[in-house]
Amino acid sequence: MRRLRDLLRSAVQGDRFTGGQLPGETELMAEHGLSRAAVREALALLRAEGLIERTQGVGTHAVAHSVSTRITEAHGTSSPSPTSLLNRRTRPRVLDRSVVALSAVAAERLGAPAGIPCLRLEYVALHEEEPLWLATNYALFPEAEKLRDCPFVTDWYALLADAGVEFGASEFVIGAETADPHTAAVLGVPAGAPVLAIEQTIADVSGRLFDLAFVQTRADRFRIVSRGTRNPMLEELA
């Protein structure tokens, strides 16, 4: 049952069912060698996740669609493809854009003095008017000066570009957490739902950190694609 759920979830989130129509119970039973009860349990789990709906006489349909982006695009270190979500296809709903004192925790992470002014910019990223992630950025000056009044139209990297802020490196620390009531309300998910938690730092071309971000992402709507290529010749030289 668990394995079938994982296979079907992958196919649903990857839009691999024609017209969003899932195979029928009998077909799934035959293909996977499972009982009808096991198939129904797997489908019930996907329905509880909000990924499918089942209609008597019609069948099972995918009702949720996720978007994927390459990890280099998520970092902002490569140009987004024409169809990428980060090719100016999101819209921000700004929740806070103010100058505040840098907290001790953020200061330690950025290697800056605590208490200095920074720009706190918190926003919800919307795709087709559906919330995908909630992000809180703490940007240091002088970059913050350029970001403070620049129109925020699409995504964070577009804002950096529009403000004339260049950067040289981006780092992610990726984990998972459950959505607290506030985050859940903002993202439109139940409290306690799993979200992808990303802590990001961005450095300028000299390596100086100037931005710290905490991002809670809907794991059911946004996926990061990472690909690595093995090079045996380099392994032999190591």
Side-chain angles (χ1 to χ4, degrees), residues 69 71-77 85-86 90-127 131-219 221-222 224:
T69 187
I71 195 166
T72 53
E73 294 176 348
H75 274 296
T77 54
L85 184 70
L86 293 173
T90 61
R91 179 179 71 82
R93 183 169 76 237
V94 177
L95 305 179
D96 178 51
R97 195 174 193 174
S98 56
V99 175
V100 299
L102 188 68
S103 71
V105 173
E108 189 277 331
R109 191 74 176 85
L110 291 171
I116 63 173
C118 72
L119 175 66
R120 183 177 62 202
L121 201 163
E122 184 173 66
Y123 68 96
V124 182
L126 304 173
H127 174 60
L132 291 184
W133 64 78
L134 168 65
T136 307
N137 286 266
Y138 300 90
L140 301 181
F141 287 82
E143 289 83 1
E145 187 66 41
K146 299 178 180 179
L147 295 168
R148 180 167 54 182
D149 299 318
C150 183
F152 193 3
V153 181
T154 57
D155 59 78
W156 179 254
Y157 301 120
L159 175 63
L160 293 178
D162 292 344
V165 175
E166 296 185 6
F167 71 96
S170 165
E171 178 182 279
F172 285 164
V173 178
I174 302 176
E177 60 188 43
T178 56
D180 59 77
H182 170 73
T183 301
V186 170
L187 293 179
V189 299
V195 293
L196 190 66
I198 301 175
E199 180 181 324
Q200 181 184 26
T201 53
I202 300 178
D204 66 16
V205 293
S206 72
R208 165 186 158 270
L209 296 176
F210 70 86
D211 183 66
L212 170 66
F214 297 95
V215 187
Q216 286 82 37
T217 302
R218 289 188 59 171
R221 295 294 188 270
F222 184 73
I224 296 176

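Keep in mind it's a predicted model, so treat the numbers as computed, not measured. Both backbone and side-chain heavy atoms feed into the values below; hydrogens, waters and symmetry mates do not.
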Contact summary for [X] and [Y], nearest pair of heavy atoms:
| X | Y | answer |
| --- | --- | --- |
| Phe152 | Arg97 | CB-NH1, 3.9 Å |
| Glu73 | Tyr157 | O-CE1, 3.8 Å |
| Trp133 | Thr217 | CB-OG1, 3.5 Å |
| Phe172 | Ala74 | CZ-O, 3.3 Å |
| Leu119 | Ala144 | CB-CB, 3.6 Å |
| Ala101 | Gly115 | CB-O, 3.8 Å |

Between [X] (side chain) and [Y] (backbone), is there a donor-acceptor pair under 3.5 Å?
| X | Y | result |
| --- | --- | --- |
| Thr77 | Thr72 | yes |
| Asp204 | Ser206 | yes |
| Tyr123 | Arg91 | no |

Start with the C-alpha gap between Leu134 and Glu122, add the side-chain angles, then the distance that decides, and say whether side chain to side chain contact (heavy atoms under 4.5 Å, CB included) holds.
-> CA-CA 7 Å; Leu134 168 65; Glu122 184 173 66; 4.0 Å; yes
Do Phe222 and Thr69 have side-chain heavy atoms sitting under 4.5 Å apart?
-> yes
Check whether any side-chain heavy atom of Asp211 lies under 4.5 Å from a side-chain heavy atom of Glu143, and answer yes or no.
-> no
To the nearest 0.5 Å, tell me how far [X] [atom1] sits from [Y] [atom2].
| X | Y | atom1 | atom2 | result |
| --- | --- | --- | --- | --- |
| Ile174 | Ile71 | CD1 | CD1 | 5.0 Å |
| Leu212 | Gln200 | CG | CD | 9.0 Å |
| Thr90 | His127 | OG1 | NE2 | 9.0 Å |
| Thr136 | Leu95 | OG1 | CG | 8.0 Å |
| Tyr138 | Leu121 | OH | CG | 11.0 Å |
| Ser98 | Arg148 | OG | CZ | 10.5 Å |

Passes side chain to side chain contact (heavy atoms under 4.5 Å, CB included), Ile116 versus Phe141? Steps please.
-> CA-CA 9 Å; Ile116 63 173; Phe141 287 82; over 6 Å; no
Contacts of Asp180 that satisfy salt bridge (charged side-chain N to carboxylate O under 4.0 Å, His left out) - sequence neighbours left out | none
Can I get a per-line list of side-chain donor-acceptor pairs under 3.5 Å for residues 103-112, giving both atom names and the distance, sequence neighbours left out?
unit_1, atom_1, unit_2, atom_2, d
Ser103, OG, Ala106, N, 3.2
Arg109, NE, Glu199, OE2, 2.4
Arg109, NH2, Glu199, OE2, 3.4

Can you give each donor-acceptor pair under 3.5 Å made by side-chain atoms of residues 184-197, sequence neighbours left out, with the distance rounded to 0.1 Å?
none

Do Ile224 and Ile198 pass the side chain to side chain contact (heavy atoms under 4.5 Å, CB included) test, and can you show the C-alpha distance, the side-chain angles, and the key distance before you say yes or no?
-> CA-CA 11 Å; Ile224 296 176; Ile198 301 175; 4.0 Å; yes
Should Val165 and Leu147 be marked as a side chain to side chain contact (heavy atoms under 4.5 Å, CB included) after you check the CA-CA gap, both sets of side-chain angles, and the distance that decides it?
-> CA-CA 8 Å; Val165 175; Leu147 295 168; 4.2 Å; yes
